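Structure, as structure tokens:
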Amino acid sequence: MKCTKIFILALLVVASCVREEATSVGTTPEVEARVDGLLKQMTLAEKIGQMNQVSVGGDVANYADAVVKGRIGSILNEADPAKINAFQRLAVEESRLGIPLLVGRDVIHGFHTVFPIPLGLAATFDPALVEEGARVAAVEASAQGIRWTFSPMLDIARDPRWGRIAEGSGEDTYLDCRMAEAMVRGYQGAVLDSTSMAACVKHFAGYGAAEGGRDYNSTFITERQLRNDYLPPFEAAIRAGALTLMTSFNDNDGVPSTGNDFLVRQVLRDEWGFDGLVVTDWNSMGEMVPHGFAADNKDAAEKAVGVSVDMDMMTFGYLSHLEELVRSGAVKESLIDDAVRRILRVKVMLGLFEHPYVDVEAAAAVQYAPEHLAAACRTAEESAILLKNDGVLPLKDGARILVTGPMADAPYEQLGTWCFDGDRTHTVTPLKALQERFPGKVSYVQGLRYTRQKRDRFDDVVSAARRADVVVAFLGEESILSGEAHSLADLNLKGSQSSLLAALHATGKSVVAVVMAGRPLTIEQDLPHCGALLYAFHPGTMGGPALSRLLTGEVNPSGKTPVTFLRTVGQVPLYYNHHMTGRPYKNETLLDDMDLEPGQTSLGNTSYYLDYGAYPLFPFGYGLSYTRFAYSGISLDREVYTPSDTLSVSFTLTNTGEREGTEVAQVYVRDLVGSVTRPVKELKAFRRVSLQPGESQLLTVQIPVSDLAFYGLDMVKKVEPGEFRLWVAGDSASGDPLSFEVRAAR
Ligand code: NOJ
């Protein structure tokens, strides 16, 4: 037996979801003086020009007149550094006031070096690593003149049909807060300099709750749900210094975000004190017309400026109508001044006036730098989740491996959604990585050319499998099957992928499935057909080496599910932190066990599906390792706290297996009785811990009691005294609870 070492490690986990500090974007008197100085010199038309953002493409000359006349304040969709320089030259050297353009782009999960999709980033539960990745993206993109990224996306998503679930951190508010802060810090840097990209937190707000999972759809989120679940990540990002924010496409309870006074004016500006730039989503101002909330673009512009939306992305509503609205007295010029002040502030703070141009050659040199690729590889390693393993993994040295499946050698598809700049020729696929790792031992039969392909027979793959010792099937989704406007009603593996896996299983050989997808797919029917299943959300440029290292055991899987994995799509929405019903589920009779002609009764029946019960396939926070972990000695420093105290949770985590590994220890809390019903569990802290075989660590996690505050019946955020339960475990469905009490301070 290995001797158990005990390490005492006091971890001060800053568990608070939202830090209580000033929310200003960090301006200085010098910045303000410069902004005011410029504002005084501007004509009304020049001010309105700053509020106009244009998607450019093709010849710079096409936009020269508008830029020189000061009718464009920001551009998007141009990434060529030479062209960006040309745009800036027009703005800085030829426009009357020489105000540089703010160049924006969707740099969502890396720029040239592509990192895992954001859902995969969340699966790492490693904010420091995610921050490093965002820094890499900022260094690469800023070198080419892109100083504003439309990221991070902070939309809580509890419906995997929604294609944009790929772009966020999943279903949990606390995890989303931590990822939000990390990305903002990474993009903007510790101090703003020429490598900083302004972060743009989006989509404000509630967009992820699109009804039916259909993109752009209406949402019906109550104010309490908004405040408790959907808004905290935005507030956390803003307190971390996010310079800008984007309004969303959806209407919530009938009010589109771009004209939503409650969201933008009341919560964002007045309650949070956000003085950063607010931009619309693409034409979301104009879309208030088809929504039936504005009569025409003029009405939409008046509504948007009225709630303090500063910049119009691609409606041209401000450009076309604001001047007239001001002249007629419908819109006060002070509203325009406020908006322009917020836009200029960002430009000044980013140093664009001093450094409007980039060095094109130097820019090329930083793309795909070895340290960037290494960071992308580490992130892909940490983001993969081991969902099943009967012992077939890690792969044994010397084994003859058959690699198959549509995602094995798909350099474009593994990059995932939203990667305009990732060049597939730099992608390293799993096939290439495994061939390099096991020279002469890897054979390859594709089986299916793409994930949607249908085939009746797999004779070629099956006979190749018979000649191999182990089969690794790379399945999943092409990148186009997730992301904006790409929702799905059926979440099973597409095409004939499940049949391919079943055919491989029927050979009797050991089969490993690796799924690369943009969402949690419903893979229950596939699990019996593989000995191991590794789930990699689209892993990016370095997905191949990362997956190869995980399969061989050079790296031990440590990712955890950032979202509940469903057994069937009919369970949507099913998420771990739901509220308790009056009839909590107990093991009920399922369809197959029912008598014929049973008498109808509702007595005793609980909240579940007759055919699928009440549980998911894998709960939130779940993921296996090649080793095992045990939790012991879980304790709290006290039994009773006041709202101003801090909980000190101690526990010992032991690696009881045979190899080094990393566990994500999670702390969940339940408030038993409230002025309104509370979730059955809520994540309040997590910690990644690496342990040698046999090693133990005593961990102490501190959670301010104020983190248990919520918006109750009176819609005031506070901690409600009473009984609580607390769990420490490796996922959201495990562990035995401790009890504690919060009493009002006397
Ligand atoms: C629409 C998307 O909703 C948004 O996320 C993106 O940033 C903009 N288009 C700009 O491309």
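We count ligands from 1, going down the list as the structure has it; atoms in each ligand are counted the same way. Model, not experiment: these values are computed from the prediction.
Under the salt bridge (Lys or Arg N to Asp or Glu O under 4.0 Å) criterion, Arg345 pairs with Glu32, not counting sequence neighbours. Remark: Glu478 engages Arg452 in a salt bridge (Lys or Arg N to Asp or Glu O under 4.0 Å) (not counting sequence neighbours).
Glu171 and Thr564 share a side-chain donor-acceptor pair at under 3.5 Å. A donor-acceptor contact under 3.5 angstrom links the side chains of Asn252 and Thr219, judged on distance only.
Within the structure, the side-chain hydrogen bond (donor to acceptor under 3.5 Å, both in side chains) test picks out no pair touching residues 285-295 (sequence neighbours left out).
Every protein residue with a heavy atom nearer than 4.0 Å to ligand 1 is included here: Leu76, Asp106, Phe150, Arg164, Lys202, His203, Met246, Phe249, Asp281, Trp282, Met313, Trp418, Glu484.
For the pair Arg214 and Tyr216, the cation does not sit on the ring face, since its NZ or CZ is not both under 6.0 Å from the ring centre and inside 45° of the axis.
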